[in-house]
Each structure stands twice: as structure tokens, then as C-alpha cells.
Visitor: 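Before I ask anything, let me first share the structure, which is written out below as C-alpha cells.
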2 protein chains.
Amino acid sequence: MAESSKNLQQETELDEVDRKIIAELQTNGRITNAELAERVGVAASTCIARVRSLVSRRVITGFTASVDPRAMGLGLQVLVSVTVRSGARQRIRELSEEIAALPEVMQLFFLGGDEDFIIHLAARDADHVRDFVIEHLSAHPAVSSTRTSIVFSHFQNPVRSE
Amino acid sequence: MAESSKNLQQETELDEVDRKIIAELQTNGRITNAELAERVGVAASTCIARVRSLVSRRVITGFTASVDPRAMGLGLQVLVSVTVRSGARQRIRELSEEIAALPEVMQLFFLGGDEDFIIHLAARDADHVRDFVIEHLSAHPAVSSTRTSIVFSHFQNPVRSE
DNA sequence: CCTGAAATCATACCGAT
DNA sequence: ATCGGTATGATTTCAGG
């Protein structure tokens, strides 16, 4: 068996046009197809076919608006590291899925290593963080310990292969 | 001085229409204005004015395509916690900005607490991670220590105020 | 992968609330 | 001051080559 037994189509070849399209759409997800085509140097019909192919192949997984949490009344961000009790390992996935569904949770990293996962939380204030940790983590029978760190600032880059 | 001395316009009021628009655009950033208006229940002209206002007020900070790192040949994600030497505290910001500009860096969290920042890295393989840590972190005179954890999976939610 | 025509969409303007 | 309807020009999209 070669290395082609993966459930993801890693073999999906991306040519120069695909990569340019991806880069443009990461910078401006609402660019018109006409302008995207011009920047990339192909016809509009070709361009839209490429974009649709990238989406259907799951290279592009979606288009989203980025929102400032502070404008939504969420002025405090924290990272919470969670360690699961050794007797409850088999419940990690279940617990993490519960947590990922909560509205305060911006991101969840499911980890190997000392911690089992890290939650990136957006909260109104310190009380909100405390209530979240107590209610959803400390009180949960599978959780062994948590550690909360304040996020002073946060940068997010587009995915670039080089 | 009241609590209005902030550089962010927290006072930006968001009504029901604004919140619906934000929710739709987080789910589908490429929705047409016509369909967005219909879903939200306002006229197209009203809708486009609201969207432009949200963007100019920096409530919406941008529109981006989400890309699967695996499709870009980046099959391994890790979190690297970095602690800065106590004698080099004043260089934390400089160092973090250098690192945020590197192509492997998807996110950088600038923290208070035991660790000074956490880097979310997308890499081709374990060798790539090792090279990154050695070249950009261990070799840097301001870095005291690093800790690398593999990311098994990663969820990202839209920002929801409730 | 490109051209061109029909359908759809974005947006400025203006009256009404 | 903001909203909703209408007209016009731009854009998308699907044939077909």
C-alpha cells in the first residue's frame, strides 16, 4: 500500500492559477469574479470554474466575515488549557464537542501532550470567564484541571504554503 | 473621564438587523446582497448600506476564504509556547512581530501568564517544525524556552455574542 | 479554455416614513 | 435620519465553439 490511503485528497494538485486564486480570496473574500479573473489572468468563466472546483474539492472550506469581538461586546479573550482525568480519557472527544458548541468558544485545539485541549474564549469580562470555567469545565466530571491565560493580542494570518 | 477613553468604538450600537447581517456573513461571506437582504428582511438598498457601515465602523474587519492547510501541503499543525528571557522582556513585541510575519505562522497569541506567547503553526512535517523552532525560536537570544504540542484537530467558530 | 447573450445583481436616486 | 422601490449599468453564468 502506497501513501494514498488517506481520507483527504492530499494529491489534489494546485497549479499556479489555483494558488493565485486562493491568495486573492484569502485577502479579499468578496472580490467579484470579474476582478479575480483579471488579477489572476484568466477568463471569467475559467475563473469561476476554478473557484467552484476548489470549493467542491474542499481546498477552500468556506467564506467568512471576520468580526471584531470587542464590537460584539466581548472585550476579553483568554486561552484555557484543559486536562482530562486519566480515568475519563475516552470522554475527551465528547467533552470537546460539547465545549466547541458553546457561543463563547472561538476556537478549540485538540492536543497531544500535557494538556488535552486548549479553548480560545471571547468573553464580556472576567466574571464571564469565571462563570464559563466553573460551569462548563471545573464542574465537569471528566475535567482534571484547567489553566487560564489572558490574551493581550491575537494575530491571524492566511494559510500560506511558503 | 468616563469610560469613553478607549481607542475602540465599543459604543457602536448593533441592532437586530446588524446582528442578523453579521451572523449571515459569518456563515457565508459570499452571499449576494439581494439574498442577504431577503434573509434579514430588509430592502437591498438598506442592506448594502448596513454592510458598508459595519465595515467602515470596523465591526466587520474583512472577508476571507478559509483554506484547508492539508490541501496546501501543510499536514501537521502544532502549538508552540514561547517564554522570553527575563532580561529581554522589552523585546517581546519585536520578537512576536517578527514571528507573526513568517509564512508557517497561522496565529499568534500574545499572552499574560507563564508563557509569553503561543504560536499556531502549519508545517509540512515534523522536520519542518523542528527547523522552524530551531531557526526562529531556540536560536533567538530573547527566547528562554519553548514547548511544542501537536494539534490533532482544530475547530473554529464564528464570533457570537451569545 | 475562451466568447457572447440572457439573467441576475449592485447601487445611486428619490420619495415616504 | 433611515428605509424602501425603481432604473440603469455592471456582473454572473451558461451555451456553444
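Lettering of chains follows the sequences in order, A, B, ..., and the numbering in each one begins at 1. Everything numeric in this text was worked out from a predicted model, so none of it was measured. Atoms considered below: every heavy atom in the structure, side chains included; atoms not considered: hydrogens, waters and symmetry mates.
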Visitor: Let's see if you can work this out: which of D:dG5, D:dT12, C:dT11 has an atom nearest to the side-chain heavy atoms of B:A43?
Guide: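 Minimum distance to the B:A43 side chain belongs to D:dG5.
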Visitor: Could you state the CG-C1' distance from B:N33 to D:dG9, rounded to the nearest angstrom?
Guide: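 For the pair B:N33 CG and D:dG9 C1', the rounded distance is 16 Å.
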Visitor: Look at the side-chain N and O atoms of A:R50 and state whether any lies under 4.0 Å from the OP1 or OP2 oxygen of C:dC1.
Guide: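 Affirmative; the distance criterion is met.
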Visitor: Just how far, in rounded Å, is P of C:dA12 from CD1 of B:I48?
Guide: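 So the CD1-P distance, B:I48 to C:dA12, works out to 8 Å.
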Visitor: Would you say a side-chain N or O of B:S45 is under 4.0 Å from OP1 or OP2 of C:dT11?
Guide: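 Indeed not, no polar side-chain atom of B:S45 lies that close.
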Visitor: Could you tell me whether a side-chain N or O of A:R30 sits under 3.5 Å from a main-chain N or O of B:T64, the two making a donor and an acceptor?
Guide: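 No; judged by distance alone, with no hydrogens or angles, the pair does not exist.
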Visitor: Please state how far atom CZ in A:R39 lies from atom P in D:dT11, giving the value in whole angstrom units.
Guide: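 Result: 13 Å.
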Visitor: Within the 4.0 Å heavy-atom criterion, would you say B:A44 contacts the bases, only the backbone, or no part of the nucleic acid?
Guide: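 Base contact.
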Visitor: Measure from CG on B:D18 to P on D:dT2 and round the result to the nearest Å.
Guide: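 The answer, rounded to whole Å, is 11 Å.
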Visitor: Quick one: which of C:dC2, D:dC14, C:dT11 gets closest to the side chain of A:R52?
Guide: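 Nearest to the side-chain atoms of A:R52, counting from C-beta on, is D:dC14.
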Visitor: Looking at A:E24 and A:K20, is there a salt bridge between them, counting it only when a charged N and a carboxylate O are closer than 4.0 Å?
Guide: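 The answer is no: the pair does not qualify as a salt bridge.
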Visitor: Taking the side chain of A:T32 as its heavy atoms from C-beta onward, which of C:dT3, D:dT11, D:dG4 lies nearest to it?
Guide: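 From the listed options, D:dT11 comes nearest.
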Visitor: Taking atom P of D:dA10 as reference, at what distance in whole Å does atom CZ of A:R30 sit?
Guide: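 After rounding, the gap between these two atoms is 20 Å.
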Visitor: Of the candidate nucleotides C:dA10, D:dT12, D:dG4, which contains the atom at the shortest distance from the side chain of B:V42?
Guide: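 Looking only at heavy atoms from C-beta outward on B:V42, the closest nucleotide is D:dG4.
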Visitor: Name the one of B:E104, B:Q77, B:Q107 that satisfies side chain to side chain contact (heavy atoms under 4.5 Å, CB included) with B:L121?
Guide: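 By the side chain to side chain contact (heavy atoms under 4.5 Å, CB included) criterion, B:L121 pairs with just one of B:E104, B:Q77, B:Q107: B:E104.
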Visitor: Could you walk me through whether A:R19 and A:E16 pass the salt bridge (Lys or Arg N to Asp or Glu O under 4.0 Å) check?
Guide: CA-CA 5 Å; A:R19 279 191 290 267; A:E16 186 65 17; 3.6 Å; yes
Visitor: Is B:E97 salt-bridged to B:R93, cutoff N-O under 4.0 Å?
Guide: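 A salt bridge links B:E97 with B:R93.
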Visitor: Checking contacts here: which listed nucleotide (C:dT11, C:dC1, D:dT11) is nearest the side-chain heavy atoms of A:T46?
Guide: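 Between C:dT11, C:dC1, D:dT11, the one nearest the side chain of A:T46 would be C:dC1.
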Visitor: From CD of A:E38 over to C1' of D:dA10, roughly how many Å is that when rounded to an integer?
Guide: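 Atom-to-atom, A:E38 to D:dA10, this comes out as 14 Å.
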Visitor: Rounding to an integer number of Å, can you tell me how far A:D15 CG sits from C:dC1 C1'?
Guide: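 Whole-Å distance recorded here is 12 Å.
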Visitor: Can you check the A:I21 CD1 to C:dC1 C1' distance for me, whole Å?
Guide: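 A:I21 atom CD1 is separated from C:dC1 atom C1' by 13 Å.
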